[in-house]
Participant: 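Next up is a structure, given as structure tokens.
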Amino acid sequence: GDSVTQMEGPVTLSEEAFLTINCTYTATGYPSLFWYVQYPGEGLQLLLKATKADDKGSNKGFEATYRKETTSFHLEKGSVQVSDSAVYFCALRPTGTASKLTFGTGTRLQVTL
Amino acid sequence: DVKVTQSSRYLVKRTGEKVFLECVQDMDHENMFWYRQDPGLGLRLIYFSYDVKMKEKGDIPEGYSVSREKKERFSLILESASTNQTSMYLCASSLRGINEKLFFGSGTQLSVL
């Protein structure tokens with residue numbers, strides 16, 4: 001079945017460091033891909049999305065490119081801030097379904113001064 | 001902004017009790033979802049609903065049921081709570097269209113003793 005694999009955390013970075021959180025997926029057809037973020041004590045919220053191959057999603061300085069050849073959707077940010085500390089979830093929507101999403105296990109990011 | 005409200009932030013119940021988790025959204029969304037979130041497993045879909053009185057099983061429906069009598073309210077029911085149902089439960093809602101973003105509540109941490 002469809003699945004999402006994320007790198008294990010926690011990822012600990014100093015402020016202004018470069019961030020990469022790896023995400024790969026297994027799915028038939030052409031799924032849509034998403035990154036959601038969960039700040040402490042809050043529900044998840046959509047960070048960015050890409051709906052077809054080679055699309056780049058971006059928001060708040062974060063970017064991710066839908067790479068069909070490597071089945072990947074890695075999250076990147078050039079310079080992280082303490083306020084980016086959160087849990088990041090990669091997710092996919094299988095082809096032909098509505099809004100039902102399959103999530104990865106989440107990666108905790110800790111940014112220190 | 002869309003608000004998804006879950007009735008309790010923390011809940012403690014005894015094994016065998018019938019448990020109701022309530023979720024209300026205020027933006028007339030057609031779709032509503034119940035996920036559970038466990039460390040190392042990410043989010044797993046329990047049930048979802050595309051319309052009033054309509055429900056579909058997700059990936060882990062065993063031991064759960066749901067009710068959607070009104071569009072804005074989606075209830076998750078544990079008929080006879082067990083210790084392996086101790087978890088964080090997240091409710092979400094979205095508009096009907098494909099790739100519409102999910103709006104999440106802040107979660108209910110349920111402990112079954």
Side-chain angles (χ1 to χ4, degrees), chain A residues 1-10 21-27 29-52 55 57 59-60 66 73 86-108, chain B residues 1-10 21 23-25 27 29-51 54-61 74 87-109:
Chain A
D2 300 325
S3 65
V4 175
T5 302
Q6 290 182 235
M7 60 188 290
E8 296 242 356
I21 299 178
N22 290 337
C23 171
T24 57
Y25 68 89
T26 301
Y30 301 91
S32 299
L33 302 173
F34 305 81
W35 278 100
Y36 277 77
V37 58
Q38 185 179 33
Y39 297 104
E42 299 182 12
L44 281 72
Q45 53 188 277
L46 179 66
L47 182 60
L48 53 84
K49 70 179 181 184
T51 58
K52 61 183 188 294
D55 264 4
N59 186 24
K60 300 181 181 179
Y66 187 159
F73 192 55
V87 181
Y88 292 81
F89 291 90
C90 187
L92 68 81
R93 182 190 66 78
T95 308
T97 65
S99 293
K100 190 172 73 144
L101 298 182
T102 297
F103 286 87
T105 54
T107 302
R108 181 175 299 279
Chain B
D1 246 2
V2 175
K3 194 168 233 183
V4 179
T5 304
Q6 295 184 230
S7 53
S8 305
R9 183 76 178 98
Y10 298 96
L21 301 183
C23 175
V24 177
Q25 49 94 5
M27 281 300 289
H29 283 174
E30 292 87 4
N31 300 336
M32 295 190 77
F33 307 84
W34 276 106
Y35 286 88
R36 62 178 281 177
Q37 181 180 8
D38 299 289
L41 297 176
L43 275 72
R44 294 177 292 167
L45 182 64
I46 305 171
Y47 267 97
F48 58 104
S49 170
Y50 290 136
D51 205 346
M54 202 235 109
K55 61 186 178 186
E56 288 195 31
K57 292 179 181 179
D59 300 317
I60 52 163
F74 192 36
S87 185
M88 171 68 79
Y89 289 87
L90 295 174
C91 175
S93 71
S94 75
L95 291 169
R96 177 164 285 150
I98 291 176
N99 292 326
E100 291 291 339
K101 70 177 178 179
L102 270 63
F103 292 84
F104 282 83
S106 52
T108 296
Q109 178 63 52

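Because the structure is a prediction, the values reported are computed rather than measured. Side chains are part of it too, since the values below use all heavy atoms of this structure and drop only hydrogens, waters and symmetry mates.
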Participant: Side chain, backbone, both or neither: which part of A:Gln6 has an atom under 4.5 Å from a heavy atom of chain B?
Facilitator: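 The answer is neither part of A:Gln6.
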Participant: For A:Leu44 and B:Tyr35, what are the C-alpha separation, side-chain angles and deciding distance, and is it a side chain to side chain contact (heavy atoms under 4.5 Å, CB included)?
Facilitator: CA-CA 11 Å; A:Leu44 281 72; B:Tyr35 286 88; over 6 Å; no
Participant: Answer with side chain, backbone, both or neither: which region of B:Leu41 has an atom nearer than 4.5 Å to a non-hydrogen atom of chain A?
Facilitator: backbone
Participant: Name the orientation class of the two ring planes belonging to B:Tyr50 and B:Phe48 (parallel below 30°, tilted from 30 to 60°, perpendicular beyond 60°).
Facilitator: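 Aromatic pair B:Tyr50/B:Phe48 classed perpendicular.
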Participant: Starting from the C-alpha separation in whole Å, work towards a yes-or-no answer on side chain to side chain contact (heavy atoms under 4.5 Å, CB included) for A:Tyr36 and A:Leu101.
Facilitator: CA-CA 11 Å; A:Tyr36 277 77; A:Leu101 298 182; 3.8 Å; yes
Participant: Indicate the atoms forming the closest heavy-atom contact of A:Cys90 with A:Phe73, along with that distance.
Facilitator: SG-CD2, 4.4 Å
Participant: Counting heavy-atom pairs under 4.5 Å with chain B, which one of A:Ser32, A:Gly43, A:Gly104, A:Gly9 comes out on top?
Facilitator: A:Gly43
Participant: Which one wins on heavy-atom pair count under 4.5 Å against chain B: A:Gly1, A:Gly41, A:Ala91?
Facilitator: A:Gly41
Participant: Flag the one option from B:Arg9, B:Gln37, B:Arg44 with the top tally of heavy-atom pairs under 4.5 Å to chain A.
Facilitator: B:Gln37
Participant: Run the side chain to side chain contact (heavy atoms under 4.5 Å, CB included) check on B:Val4 and B:Cys23 step by step: do they pass?
Facilitator: CA-CA 7 Å; B:Val4 179; B:Cys23 175; 3.6 Å; yes
